[in-house]
Amino acid sequence: MSWQYLVEWCYSSPLVSLLRDWKYGAPAVQSVHLSGLTVLLSTVVILNFRLLGIGMRGLSLPVLASQLWRWAAGAMLLTICSGVVIFVLDPTRYLASGPFRLKMALLSLAIVYHFTVFRRVTRSEPGGRWRNIGVAFFSLTLWFGVGWAARAIAFF
Amino acid sequence: MSLLGVCHWLQSTSWAVAIRESDLAFPFIEGTHILALSLSVGLVVVFDLRVLRLAFRDEPVSRIMKLLAPWSLAGFAIMLLTGGLLFMTQAEKAYGNTFFRAKFLLLLLAGINALVYQVKFYPNMTAWDTAPVAPAGARIIAVLSLLFWIGVIACGRTMAYEL
């Protein structure tokens with residue numbers, strides 16, 4: 001089964017058609033997407049501020065990371081699932097959008113980085129200052145880059 | 001001057017006109033408004049999760065509040081500033097929009113909800129800080145807070161479709 005077939009099938013499936021025809025379908029799914037990203041980015045911000053030593057210093061990085069990880073993973077799942085629905089509501093628009101391609105590229109990098117480097121660093125005791133700054137820089141740049149690319153889809 | 005009159009005046013100020021006419025100012029302000037959710041609302045959500053014992057169970061509630069409150073306040077300052085500017089650019093349309101009004105009402109409710117927490121539960125927080133379960137009232141406030149903020153996000157997103 002090809003990707004194109006799968007997208008076409010989703011596009012014309014009853015549930016997606018129902019959402020597309022409902023006036024508030026797209027805003028509703030977008031609201032779920034935004035709620036998920038709010039929580040996901042919040043965990044990213046907390047861990048990176050702690051990593052940089054500019055905030056959240058009342059708790060150690062491993063404690064913060066272990067407590068926030070499942071919420072970050074849950075929020076990521078929610079954001080990705082709602083994102084897939086937003087995509088199949090109007091695939092041709094997104095496939096033709098440059099910022100959308102950039103967003104997907106950054107998102108892939110951000111996810112891989114998050115579950116490899118970022119996960120390992122935040123679960124261990126603090127390392128050198130410059131290493132921490134470097135790790136936080138990439139994490140913040142990738143995740144907020146995804147956000148800005150997403151906004152650009154609407155405008156450019 | 002009526003409220004609508006104020007809206008009309010706001011959107012004809014030079015600032016509002018400049019933002020509306022700039023290619024980059026509006027997307028930049030709107031993007032900042034959305035991404036600052038991670039500081040403002042997101043950190044409130046983390047605090048609510050602690051009160052509901054869904055995260056940071058072993059940490060005193062007061063420690064989590066101390067950790068998050070300054071950044072959350074900074075986040076809300078950014079929201080107020082960027083939200084105010086966005087409103088200025090299309091004040092009249094926003095004023096008449098049902099979802100804008102609903103968002104405003106939910107913001108008010110979220111504010112009152114937080115105020116009740118500050119008055120009723122904040123002063124004696126140390127008494128139940130490390131208790132296995134937070135007082136029922138505090139837990140109700142946490143649940144209401146989550147609902148109000150989800151509502152604010154949904155109304156904010158939906159109003160953008162209609163302006």
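Here the structure is a predicted model, which means the values were calculated and not measured. Each chain gets a letter, A, B and so on, in the order the sequences are listed, and its residues count up from 1.
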May I ask you to test the B/S38-A/F144 pair for a side-chain heavy-atom distance under 4.5 Å?
yes

Which bit of B/T32 is near chain A, if near means a heavy-atom gap under 4.5 Å: side chain, backbone, both or neither?
both

Select one option (side chain, backbone, both, neither) describing which atoms of A/R70 are under 4.5 Å from chain B's heavy atoms.
side chain

If you compare all heavy atoms of A/S35 against all heavy atoms of B/I153, which two are closest, and at what distance to 0.1 Å?
OG-CG2, 3.9 Å

Ring-plane angle category for A/W148 and B/F28, please: parallel below 30°, perpendicular beyond 60°, tilted otherwise.
parallel

Where on A/A150 is there a heavy atom nearer than 4.5 Å to chain B: the side chain, the backbone, both, or neither?
neither

Heavy-atom proximity to chain B below 4.5 Å, by part of A/V63
both

Heavy-atom check, side chain of A/F155 versus side chain of B/F26, under 4.5 Å:
yes

Report, as yes or no, whether the 6.0 Å neighbourhood of atom CD on A/Q4 holds more than 12 heavy atoms from other residues, nucleotides or ligands.
no

With a 4.5 angstrom heavy-atom cut-off, could you sort out which part of B/V45 is near chain A: side chain, backbone, both or neither?
side chain

So which residue, A/L41, A/V44, A/T38, ends up with the most heavy-atom pairs under 4.5 Å with chain B?
A/T38

Residue B/L49 versus chain A: region with a heavy atom under 4.5 Å:
side chain

Apply side-chain contact (heavy atoms from CB on, under 4.5 Å) to residues A/W71 and B/L54 and explain how you reach the verdict.
CA-CA 9 Å; A/W71 290 101; B/L54 294 171; 3.6 Å; yes

Does atom CG of B/D23 have more than 12 heavy-atom neighbours from other groups under 6.0 Å away?
no

Which atom of B/R57 lies closest to which atom of A/Q67, heavy atoms considered
N-OE1, 4.1 Å

So which of A/L59, A/T43, A/V45 has the biggest tally of heavy-atom pairs under 4.5 Å with chain B?
A/L59

Could you tell me which non-hydrogen atom of B/W71 sits nearest to which non-hydrogen atom of A/G55, and how far apart they are?
NE1-CA, 3.7 Å

Counting only non-hydrogen atoms closer than 4.5 Å, does B/L24 touch chain A with its backbone (N, CA, C, O), its side chain (CB onward), both, or neither?
side chain

Can you tell me if A/F100 has over 12 outside heavy atoms packed within less than 6.0 Å of its CZ?
yes

Per-residue contact mode, B/F56 against chain A (heavy atom under 4.5 angstrom):
both

Indicate the atoms forming the closest heavy-atom contact of B/T158 with A/S31, along with that distance.
OG1-OG, 4.3 Å

Student check: side-chain heavy atoms of A/K23 and B/E162 closer than 4.5 Å:
yes

Can you establish whether the number of heavy atoms outside B/Y122 located under 6.0 Å from its atom OH is more than 12?
no

Is it the side chain or the backbone of A/I46 that comes within 4.5 Å of chain B heavy atoms, both, or neither?
side chain

Full working for side-chain contact (heavy atoms from CB on, under 4.5 Å) between A/F49 and B/L67
CA-CA 11 Å; A/F49 280 11; B/L67 213 64; over 6 Å; no

Given the rule in the side-chain contact (heavy atoms from CB on, under 4.5 Å) test, do A/L37 and B/L37 qualify, once you have shown the distances and angles that lead to the verdict?
CA-CA 9 Å; A/L37 97 87; B/L37 275 172; over 6 Å; no

Do B/L163 and B/F100 share a hydrophobic cluster (ILVMFWY, side-chain heavy atoms under 4.5 Å, transitive)?
yes

